[in-house]
Enquirer: 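One structure, as structure tokens, below. Some questions next.
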2 protein chains.
Amino acid sequence: MAERKSSEERREQIIGATLRIVARKGFASVTLRDVATEVGIAHGLIRHYFAGRDELVAAAFDHAVTAELASDEQLLAGLDPIAALAAWFSTTPEDHYLVWIDAWSEAPRNPALAAALERHHRDCERILADVIRRAVAAGAASTADVDADSRMLTALADGLAVQAHAMSIVDAREADDIVFGAVEARLAIAPGSLAAAGRAPARGQWLG
Amino acid sequence: MAERKSSEERREQIIGATLRIVARKGFASVTLRDVATEVGIAHGLIRHYFAGRDELVAAAFDHAVTAELASDEQLLAGLDPIAALAAWFSTTPEDHYLVWIDAWSEAPRNPALAAALERHHRDCERILADVIRRAVAAGAASTADVDADSRMLTALADGLAVQAHAMSIVDAREADDIVFGAVEARLAIAPGSLAAAGRAPARGQWLG
DNA sequence: ACCGTTATTGTCCAGTTGGACAATATTGGA
DNA sequence: TCCAATATTGTCCAACTGGACAATAACGGT
């Protein structure tokens, strides 16, 4: 029998394995058996921790994004507003976004996942709005409606991520240029400032 | 035995059924048996027309989008450039976009689908670029780089579609306002022109 | 009237799936 | 030390999957 673990430890192990499989093969092809094999346990055990397959993938998505956004928020807090904008919009690692895209397509048929998705999307808009407010307060940007800016720029970043990761329409460099330009235009920031502030320091690992 | 049909007729019937199932349950849950039941034939017959499941869904996506874009392009050609921009960016019916989103998430694991997706995405960018060029030629818009505009605005529309359809972050009206504003700003069109040009006439049906 | 072509069916298969459950091993506390 | 709680296993199941295939029915041309 496999080593006996504490409840929380095992739970996180299962979630980590689920995320690794999602990154490789997508939400739709997560099977309890694959997850169990990856962890090294019997597949029946997963039902001891999660009510069913849908709840498992929803919990995995929620866990990953919660951790990632907390880490990102901490990172941004340590940067000046312009650098924070550059960091936030720099192209995210491919693994990351493929999971989001998969979640979008699964959400209409998985209520728990849809709820997590909506919650975290609003988190993203809030985090960006906060950075924009800091930039405005610092006199580095100006705008009439921060929330509208945040919503529009978040949508743009999502769309570019699709072009970059789901299709091979643009590479990371081009995507950054496009979104940086749009941010500068929208927030009346001097063109080139974001690129000058440097591309992103690595955003956190979350595959566990 | 079911009524005997011509090869092409049956083929289109199968594709239509596939699309209806995709719209209901997503690409990943298309099964040969469901498709066969929807058409009213034996599931073995599908293999007479398509090499396998992946080829079936890729062919269905390709067929649908090809028809839709041709019809859209014809519609746009009959409108003045500003009205054409308004029509192109008006929120697309939900069925439509859920299929695109599903395709994005399936593409990394279905090469035939990925090829169709990339091709049609470029079609979209080209169609929009043509409309922008008409607007510029008519003196109704100005820009430095039509292709960059087209790419950026297409990405924005995709991202907003995700917010509208995969999540319930914005409704169709808000999404239109956001994208209209972005188009006007980017192309130096007088604010409000697009909304004034009227929201879209219905874009074509494509579920057969 | 014949025949080759092909559209169509029904049936079989081996593999995989999520879930249920009884049996067992291990723990932590009284 | 004993017991209750719970972590863990292994096994079973009914449902469903894509695919293979031989048998058959309907067609179009000659």
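Excluded from the calculations below are hydrogen atoms, water molecules and symmetry mates; all remaining heavy atoms, backbone and side chain alike, are included. By convention in this document, chain letters (A, B, ...) are assigned in the order of the sequence lines, proteins followed by strands, and residues within each chain are numbered from 1.
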Enquirer: Measure the spacing between CG of B:Asp34 and CD1 of B:Ile21 and express it to the nearest 0.5 Å.
Expert: 5.0 Å
Enquirer: Can you check the B:Arg10 CZ to C:dT8 C1' distance for me, whole Å?
Expert: 8 Å
Enquirer: So, the side chain of A:Arg53 versus the backbone of A:Val30: is there a donor-acceptor pair under 3.5 Å, distance only?
Expert: yes
Enquirer: Does B:Met167 reach the side chain of A:Arg119, with side-chain heavy atoms less than 4.5 Å apart?
Expert: no
Enquirer: Go through residues 44-54 of chain B and report each residue with a non-hydrogen atom lying under 4.0 Å from DNA chain C, sorted by number.
Expert: B:Gly44, B:Leu45, B:His48, B:Tyr49
Enquirer: I need the minimum non-hydrogen distance between A:Ile15 and A:Ala60, along with the two atoms involved.
Expert: CG2-CA, 3.9 Å
Enquirer: Before giving the answer on side chain to side chain donor-acceptor pair (under 3.5 Å), spell out for A:Glu68 and A:His96 the whole-Å C-alpha distance, their side-chain angles and the decisive distance to 0.1 Å.
Expert: CA-CA 10 Å; A:Glu68 186 200 0; A:His96 264 65; 2.6 Å; yes
Enquirer: Using a 4.5 Å cut-off on heavy atoms from C-beta on, say whether the side chain of A:Val131 contacts that of A:Leu79.
Expert: no
Enquirer: Return all side-chain donor-acceptor pairs below 3.5 angstrom for residues 179-186 of chain A, not counting sequence neighbours, or 'none' if the list is empty.
Expert:
{"residue": "A:Glu184", "atom": "OE1", "partner": "A:Gly192", "partner atom": "N", "Å": "3.2"}
{"residue": "A:Glu184", "atom": "OE2", "partner": "A:Gly192", "partner atom": "N", "Å": "3.1"}
{"residue": "A:Glu184", "atom": "OE2", "partner": "A:Ser193", "partner atom": "N", "Å": "3.2"}
{"residue": "A:Glu184", "atom": "OE2", "partner": "A:Leu194", "partner atom": "N", "Å": "3.0"}
{"residue": "A:Arg186", "atom": "NE", "partner": "A:Asp149", "partner atom": "OD1", "Å": "2.6"}
{"residue": "A:Arg186", "atom": "NH2", "partner": "A:Asp149", "partner atom": "OD1", "Å": "3.1"}

Enquirer: Could you check how far NE2 of A:His43 sits from P of C:dG18, rounded to whole Å?
Expert: 8 Å
Enquirer: Tabulated below should be each protein N or O lying under 3.5 Å from an N or O of nucleotides 28-30 of chain D; please produce it.
Expert:
none

Enquirer: Please tabulate, one pair per line, all N/O donor-acceptor pairs under 3.5 Å involving side-chain atoms of residues 159-166 of chain A, not counting sequence neighbours.
Expert:
{"residue": "A:Gln163", "atom": "NE2", "partner": "B:His121", "partner atom": "NE2", "Å": "3.2"}
{"residue": "A:His165", "atom": "NE2", "partner": "A:Thr92", "partner atom": "O", "Å": "3.3"}

Enquirer: Return the value, rounded to whole Å, for the distance between atom CZ of B:Arg33 and atom P of C:dG10.
Expert: 13 Å
Enquirer: Starting from C1' on D:dG10, measure out to CD1 on A:Ile41 and report it in whole angstrom.
Expert: 13 Å
Enquirer: Can you find a pair of side-chain heavy atoms, one from B:Asp130 and one from B:Val146, that are under 4.5 Å apart?
Expert: no
Enquirer: How many whole angstroms separate atom CD of B:Glu9 from atom C1' of C:dT8?
Expert: 15 Å
Enquirer: Between residues 24-31 of chain B and DNA chain D, which residues have a heavy-atom gap below 4.0 Å?
Expert: B:Val30, B:Thr31
Enquirer: B:Leu32 CG to D:dG18 P: how many Å, rounded?
Expert: 4 Å
Enquirer: So do A:Val65 and A:Trp100 actually touch side chain to side chain, heavy atoms under 4.5 Å?
Expert: yes
Enquirer: Among residues at least two apart in sequence or on other chains, which ones pass side chain to side chain contact (heavy atoms under 4.5 Å, CB included) with A:His48?
Expert: A:Leu45
